[in-house]
Protein chains: 4
Amino acid sequence: MAILVAAFELLGEVGYAGLTIEGIATRAGCGKQTIYRWWPSKAHVLLEVLTVKADLYVTNADHGSYADDLRAFLGDTFRLGRQQRVVDILRVLMAEAQINEEFGELFRVAFLQRRRDALQVVLDRARARGDLPPRPTPSTVMDIVFGTLWYRLLATRQEMGDDLVEDLVATLTQAAQPPTDQEIDLGDPQ
Amino acid sequence: MAILVAAFELLGEVGYAGLTIEGIATRAGCGKQTIYRWWPSKAHVLLEVLTVKADLYVTNADHGSYADDLRAFLGDTFRLGRQQRVVDILRVLMAEAQINEEFGELFRVAFLQRRRDALQVVLDRARARGDLPPRPTPSTVMDIVFGTLWYRLLATRQEMGDDLVEDLVATLTQAAQPPTDQEIDLGDPQ
Amino acid sequence: MAILVAAFELLGEVGYAGLTIEGIATRAGCGKQTIYRWWPSKAHVLLEVLTVKADLYVTNADHGSYADDLRAFLGDTFRLGRQQRVVDILRVLMAEAQINEEFGELFRVAFLQRRRDALQVVLDRARARGDLPPRPTPSTVMDIVFGTLWYRLLATRQEMGDDLVEDLVATLTQAAQPPTDQEIDLGDPQ
Amino acid sequence: MAILVAAFELLGEVGYAGLTIEGIATRAGCGKQTIYRWWPSKAHVLLEVLTVKADLYVTNADHGSYADDLRAFLGDTFRLGRQQRVVDILRVLMAEAQINEEFGELFRVAFLQRRRDALQVVLDRARARGDLPPRPTPSTVMDIVFGTLWYRLLATRQEMGDDLVEDLVATLTQAAQPPTDQEIDLGDPQ
DNA sequence: GGCTAACCGAGACGGTACGTCCTGTCTTGCA
DNA sequence: TGCAAGACAGGACGTACCGTCTCGGTTAGCC
């Protein structure tokens with residue numbers, strides 16, 4: 001759809017604050033009404049861009065152990081977080097979700113919750129398998145996994161690398177292998 | 001300052017989207033120019049409201065052990081996260097930081113970094129004391145602590161209770177005590 | 001035709017400014033295209049409403065004298081001017097004729113000229129009969145007759161009564177009978 | 001005022017139907033709000049253009065007799081009717097007055113009534129002088145004078161010449177001099 | 001009696017203008 | 001002199017209609 005493409009391109013060119021329905025319509029060569037007919041705000045358009053654009057599918061296939069499942073899940077998830085265009089959209093959608101209550105509700109239900117559901121599968125399988133550690137609780141695992149992801153997207157904008165994946169897997173599975181040397185940082189790099 | 005009070009009240013009444021410089025000026029009984037003289041945007045006004053309003057000071061006094069220091073830090077921090085008015089401001093400031101690059105820079109430097117600096121003190125002391133576990137690395141500890149906080153503020157809007165503090169402290173200090181029964185939840189409560 | 005009825009009703013309900021092709025179509029239960037197929041604008045629709053609705057026929061039968069012919073013509077004509085619904089349509093059509101050049105041309109040819117033609121018959125007969133006064137000239141008679149009619153419709157919105165008919169007949173036939181007492185007004189009643 | 005000039009010029013260039021507040025604002029180099037701040041519609045702007053532009057003052061000085069007063073009044077009035085730009089404005093204002101009730105009221109009070117007041121002075125003087133004929137009544141004189149004027153403006157768009165002035169003066173003063181030859185027309189020239 | 005073609009309601013579409021709201025700047029006039 | 005009040009150019013909002021266009025579901029005519 002020309003509208004989604006236009007919205008996506010303009011986001012890159014003028015930023016979210018400079019993104020307007022009028023601008024999208026002009027770029028897409030359509031009337032404003034056509035956009036309003038299908039989406040109530042620019043954020044809704046971008047949410048659809050995200051859905052169409054990004055391969056949001058994260059495998060939660062069985063890798064035999066909780067640690068391996070988690071490693072795969074985090075790897076897949078963080079990989080999305082390295083695509084700048086996807087990140088740009090995620091950031092502004094989370095922002096809009098804070099400002100526009102109606103969109104916030106949609107974003108939580110249609111996006112955030114689905115991510116949680118995917119991780120829930122991994123946790124359920126671990127519990128069934130019996131290798132889910134007592135600490136942290138599943139709920140806290142979710143907070144830690146998605147919290148770390150979003151905090152890096154929104155606040156520090158640090159790259160999310162494999163070392164972080166390993167550190168999280170180790171922490172969440174209580175695997176007390178000492179970290180490799182280069183993983184140790186002595187302060188706050190932000 | 002009447003302007004800060006007006007901005008704070010209006011945020012509660014009309015929300016961030018409905019908050020305008022004109023509205024603040026009218027409520028405060030001043031001219032728009034007076035506001036522009038001191039702050040370049042409504043977000044900057046709210047950042048100052050936050051600074052003035054909330055007791056953002058978090059003790060990082062020495063409690064004798066890494067676990068106790070962390071427990072105190074998390075308790076103080078999460079306590080702020082239970083004040084609705086403070087949370088409202090935090091959420092919209094983080095949102096604005098995603099949308100307005102110039103404000104984002106200020107917010108990271110003047111607010112987010114200060115929170116990290118406070119936690120850094122705790123981590124430094126733990127390392128000096130020798131009870132900092134090898135996993136997770138200090139950087140990851142920051143991501144987990146602040147990530148969890150912000151994720152709950154922005155995404156799930158779950159209350160941040162003492163059970164979460166304990167779970168995080170246990171996880172971060174690798175203290176393998178099993179959680180108490182009521183801390184275990186078997187699914188996703190969001 | 002349902003379309004004409006719908007247009008007529010809506011004119012009464014929402015006025016000419018609020019009258020739209022879409023509204024007519026909705027009310028008539030037809031598609032917009034169907035209206036556009038037959039009439040190029042809402043004014044054209046109303047012109048047809050007028051033609052269908054109002055009995056626009058004005059007798060110009062021979063009453064034996066110029067004065068009596070004129071009296072009959074004015075009586076018939078002014079009678080139309082007392083039907084509010086007809087007046088409403090006449091007013092907006094004359095208005096549209098000022099604004100839309102193409103419609104104006106049609107209105108003059110298809111409506112205004114026909115009225116003039118009817119009066120022309122009266123004047124021709126008077127001339128043939130020899131009782132057409134030298135003043136005012138036939139052209140001026142038309143201006144006075146239709147001018148007075150339209151001026152009252154458009155500008156003063158005064159009722160057009162029999163006293164006006166008599167006054168005009170007397171003036172145009174130079175019949176110098178003094179007016180009856182109640183016809184004399186000492187000022188401007190508008 | 002740049003806005004009045006812009007409105008006036010655009011009326012000539014694109015016509016009343018094509019005249020928009022946006023267009024006026026663009027041409028005048030101002031914001032739309034500035035126009036809305038002072039006038040509620042494009043018709044109101046044009047009414048002010050008319051007031052500013054046209055020398056609407058019509059002398060009603062005493063010329064010694066009713067006939068001469070009337071001749072002077074008609075001459076002055078019809079002279080305005082020969083200025084195309086003034087006529088264009090008058091036509092669309094009368095049109096708008098039919099369509100927009102609120103503007104119609106203003107137009108009648110602030111424009112049409114003032115013209116009537118001017119003629120009323122002439123009639124009052126004639127009555128005082130004793131040379132006001134019994135027919136037609138003052139009210140009908142107004143209808144005839146302004147009716148003829150407006151009818152020619154709106155309907156026939158015929159030029160208003162001195163012969164018409166003479167014909168009306170003769171008719172209204174019952175001066176039964178036969179018209180000169182060239183004043184006689186044998187039909188309807190429209 | 002079944003197939004096809006014309007018709008027509010419904011309404012999406014690219015547009016244009018509406019009238020409102022707010023921006024950030026500038027000017028005015030009061031205290 | 002400093003500030004409230006608010007006018008100003010500008011620009012986006014979301015809405016209403018415009019006149020054009022496609023889409024399907026009838027309906028009627030023809031084989």
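Here is how names work: the chains are called A, B, and so on, in the same order as the sequence lines, proteins then strands, and each is numbered from 1. Hydrogens, waters and symmetry mates play no part in the numbers below; they use all other heavy atoms, side chains included.
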Separation of D/Lys32 NZ from D/Thr26 OG1 (nearest 0.5 Å): 9.0 Å
From CD (B/Glu22) to CD1 (B/Ile35), nearest 0.5 Å: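 Result: 9.5 Å between the selected atoms.
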Length of the [atom1]-[atom2] vector between [X] and [N], whole Å:
X: A/Lys42; N: F/dC13; atom1: NZ; atom2: C1'; value: 11 Å
X: D/His44; N: E/dG19; atom1: NE2; atom2: C1'; value: 15 Å
X: B/Tyr16; N: E/dC22; atom1: OH; atom2: P; value: 15 Å

Strand-adjacent residues in residues 17-24 of chain C, judged by heavy atoms under 4.0 Å from DNA chain E: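 Hits under 4.0 Å, by residue number: none.
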Sorted by number, the residues of residues 26-40 of chain C with heavy-atom contact under 4.0 Å to DNA chain E: C/Gly29, C/Cys30, C/Gly31, C/Thr34, C/Arg37
Would you be so kind as to tabulate the donor-acceptor pairs closer than 3.5 Å made by side chains of residues 94-101 of chain C, with sequence neighbours excluded?
residue: C/Glu96; atom: OE1; partner: C/Tyr16; partner atom: OH; Å: 2.5
residue: C/Gln98; atom: OE1; partner: D/Arg91; partner atom: NH1; Å: 2.5
residue: C/Gln98; atom: NE2; partner: C/Met94; partner atom: O; Å: 3.2
residue: C/Gln98; atom: NE2; partner: D/Leu154; partner atom: O; Å: 3.1
residue: C/Asn100; atom: OD1; partner: C/Glu102; partner atom: N; Å: 3.0
residue: C/Asn100; atom: OD1; partner: C/Phe103; partner atom: N; Å: 3.0

Close side-chain approach of B/Leu11 and B/Val49, heavy atoms under 4.5 Å: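 A side-chain contact is absent here, since even the closest heavy-atom pair is not under 4.5 Å.
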Check against side-chain contact (heavy atoms from CB on, under 4.5 Å), D/Thr20 and D/Lys42: CA-CA 7 Å; D/Thr20 64; D/Lys42 59 182 181 176; 6.0 Å; no
Derivation of the side-chain contact (heavy atoms from CB on, under 4.5 Å) call for C/Arg27 and C/Glu9: CA-CA 9 Å; C/Arg27 169 73 65 105; C/Glu9 291 175 358; 2.6 Å; yes
Residue of the set C/Leu50, C/Thr51, C/Leu106 for which side chain to side chain contact (heavy atoms under 4.5 Å, CB included) holds with C/Phe111: C/Leu50
Within 6.0 Å of CZ in A/Arg157, more than 12 heavy atoms from elsewhere: yes
